[in-house]
Protein chains: 2
Amino acid sequence: MLQNIRIAVDAVVFGYQHGELYVLLIKQKFGTEEAYWALPGGLVLNDEALIDAVKRELKEETNVEVNYLEQLYTFGDDINRDSRNRVISVAYFVLIDSSKTLIKADTDADNVQWFAIKEVPQLAFDHKLILNTALARLKAKLTYQPIGFDLLPEEFLFSELENLYCTILEKEIDRRNFRKKILSFGIVEETDRFSEKKGGRPAKFFKFNKKKYKQLDKEGFHFEIRFA
Amino acid sequence: MLQNIRIAVDAVVFGYQHGELYVLLIKQKFGTEEAYWALPGGLVLNDEALIDAVKRELKEETNVEVNYLEQLYTFGDDINRDSRNRVISVAYFVLIDSSKTLIKADTDADNVQWFAIKEVPQLAFDHKLILNTALARLKAKLTYQPIGFDLLPEEFLFSELENLYCTILEKEIDRRNFRKKILSFGIVEETDRFSEKKGGRPAKFFKFNKKKYKQLDKEGFHFEIRFA
DNA sequence: TATATTTGTGTATTAATTACGCTTATAGAT
DNA sequence: ATCTATAAGCGTAATTAATACACAAATATA
């Protein structure tokens, strides 16, 4: 009997704004059934690399500019995760700087939307499971890889970085120790720009030196942010 | 155009014996071409979960008893990784206690064999890439999850555990600090059995308390073995 | 009984983490 | 101009963890 299994890719795209973690969803219309929100994704073309399939779908459906992308997990244990056919989904984990991404000028914006992670609606298929898997990956990786920077603008304030960690990890941090530790790595540099926010001492903008990080990483350096 | 992509699973099965890391390979015969050694695996059945497919293939081809199994990575970026058809492979990472596994009494043993990791022959398809990915995973995970125990017999000597770490990570360790650290976790317990090896002070056998580890893990404990 | 071999243990030094509070620069109100 | 509120920036002492390092104990064999 010939194999009759389809292969799709789906992307969990995280963004961070106004002190909140967001995920990007699209409105999935299938048949006459109720429209569910779903992760962006779709079937892989015959002559298309998996990674190109995700990139294509992201471009077509949402037009986001990707800062970080890696394979997350392949979902294929539940035979009926898609009720129409057997579909195996290779899920990807994506981080973007949502401040610079204008979602989809070209498609109707109603169908693509950011949802605060605490306010995600019911999702199609097993997409909730995929999202939860991605969230676990995000939390884990944040502590041992400098991926937090991929959720922020190129130049950011320490308070923003700190809030990002607190928010996503749902933990309190000592502001001073956090700053000290990050700076001790030598992968974050201060700029000469200052925040123009009112009502307090102006804050310096900083930026992440990715090149420096990659070099240190090669030399055996371990990034790690962990809190009691 | 209909999707025409096949989906397979492959397993990288690691074992550890006589102070060496081994990988399990099978002889792949296809057509009249030269037989290559390859990772155990094969196509997924239409109504079969991915994980069941790996387990089935492992059972059919090698008959090993699995101690640890997790999804490794899905290889589907190289369109031509299999020259016959487009095949996407979901690779799995498997650890076994090779001392208790008798490989394949039922199939001809010539076709299933352990290879020391330094002596792996040329492999079929992109299996070398898959193996390297698994090896990287093994090295990384050894430092932050107690998976070394899944390569050892239920009861083991400290010297064996220590050698396993040294061998796989290709690093020297201070014997005393290593022991102190492992014991400080409280997840390894001494038994009352002693080694009967000759020529030195007899060594106590220890065993890993998995239940205890899982509990500590839930409480926020972090296993970590890292060396300068 | 002496020698070789492997296991088992302790401590001092150094480095990293944690806990903690005051000063500075700005905006806005008076 | 002065006062108040707000957030940023900085330093140090106390605690905890990691590292470096050497000798004693138990066995087998000569």
Side-chain angles (χ1 to χ4, degrees), chain A residues 18-19 142-144 146 152-153 155-167 169 171-207 216 219-228, chain B residues 18-19 142-144 146 152-153 155-167 169 171-207 216 219-228:
Chain A
H18 313 304
L142 219 45
T143 71
Y144 66 85
L152 291 175
E155 304 198 341
F156 55 85
L157 308 176
F158 246 100
S159 56
E160 292 172 331
L161 185 64
E162 185 199 319
N163 281 325
L164 185 149
Y165 270 86
C166 292
T167 306
L169 299 178
K171 280 193 180 149
E172 297 285 296
I173 313 175
D174 182 277
R175 199 162 52 88
R176 291 157 291 185
N177 292 337
F178 178 77
R179 187 187 181 108
K180 211 187 309 174
K181 188 157 199 180
I182 294 278
L183 288 175
S184 76
F185 295 152
I187 57 179
V188 163
E189 290 159 3
E190 63 178 65
T191 68
D192 43 16
R193 280 215 307 136
F194 280 83
S195 156
E196 273 151 29
K197 193 154 40 88
K198 320 273 175 178
R201 178 173 173 169
K204 269 188 218 124
F205 277 99
F206 287 80
K207 58 182 179 184
L216 286 173
E219 295 167 8
F221 161 76
H222 285 281
F223 178 89
E224 185 162 322
I225 298 288
R226 206 168 266 166
F227 315 99
Chain B
H18 313 303
L142 218 46
T143 71
Y144 66 84
L152 291 174
E155 303 198 342
F156 55 85
L157 308 176
F158 246 100
S159 55
E160 292 172 331
L161 185 64
E162 184 199 320
N163 281 328
L164 186 149
Y165 270 86
C166 292
T167 307
L169 298 179
K171 281 192 180 153
E172 297 285 296
I173 313 176
D174 182 276
R175 201 163 51 88
R176 293 159 289 188
N177 293 338
F178 178 75
R179 186 185 182 110
K180 211 185 311 173
K181 188 156 197 179
I182 294 278
L183 288 176
S184 76
F185 295 152
I187 57 178
V188 163
E189 290 159 3
E190 63 179 63
T191 69
D192 42 14
R193 281 213 307 136
F194 281 83
S195 156
E196 270 150 29
K197 197 157 30 96
K198 318 271 176 185
R201 176 172 176 171
K204 270 190 217 121
F205 276 99
F206 287 80
K207 60 180 177 183
L216 287 173
E219 295 168 7
F221 160 78
H222 285 281
F223 179 89
E224 185 161 321
I225 298 289
R226 205 168 268 164
F227 314 101

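Naming convention: chains lettered A, B, ... in sequence-line order (proteins, then strands); numbering from 1 in each chain.
Going from atom OG1 of Thr191(B) over to atom CD of Glu189(B) covers 10.0 Å, rounded to the nearest 0.5 Å. Here the CD-CG distance, from Glu162(B) to Asn177(B), works out to 10.5 Å after rounding to the nearest 0.5 Å. Rounded to the nearest 0.5 angstrom, Ile173(A) CD1 and Ile225(A) CD1 are separated by 7.5 Å.
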> When you check every protein heavy atom under 4.0 Å of nucleotides 21-30 of chain D, what one-letter string (B, S, -) results, 5' to 3'?
Replying inline: BB--BBBS--

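Using a 4.0 Å heavy-atom cutoff across all strands shown, Ser195(A) reaches no nucleic acid atom at all.
Protein atom CZ of Arg193(A) is 15 Å distant from nucleotide atom P of dA8(D), rounded to whole Å. Taking atom NZ of Lys204(B) as the reference point, atom C1' of dT6(C) lies 14 Å away to the nearest angstrom. The CZ-P distance, from Arg226(B) to dA17(D), rounds to 17 Å in whole Å. For the pair Glu162(B) CD and dT6(C) C1', the interatomic distance rounds to 11 Å; values are reported in whole Å. In this structure, the CZ atom of Phe178(A) is 15 Å from the C1' atom of dT17(C), given to the nearest Å. Computed from coordinates, the Leu157(A) CG to dG9(D) C1' distance equals 13 Å when rounded to whole Å. For the pair Phe206(A) CZ and dA8(D) P, the interatomic distance rounds to 11 Å; values are reported in whole Å. Across the protein-nucleic acid pair, Ile173(B) atom CD1 and dA20(D) atom P stand 13 Å apart, rounded to whole Å.
Nearest heavy-atom pair across Gly220(B) and His222(B) is O-CD2, 3.4 Å.
Residues passing the ring pair (Phe, Tyr, Trp, His ring centres under 6.0 Å) test with Tyr144(B): none are found, sequence neighbours excluded.
Counting non-hydrogen atoms of other residues, nucleotides and ligands closer than 6.0 Å to CD of Glu196(A) gives a total of 12 or fewer. Lys207(B) NZ: 12 or fewer foreign heavy atoms inside a 6.0 Å radius.
Ring geometry, Phe185(B) versus Phe223(B): the interplanar angle falls from 30° to 60°, so the pair is classed tilted.
At distances below 3.5 Å, not a single donor-acceptor pair connects side-chain atoms of Tyr165(A) with backbone N or O atoms of Lys171(A).
A heavy atom closer than 4.0 Å to some atom of DNA chain C occurs in Lys181(A), these being the qualifying members of residues 181-192 of chain A.
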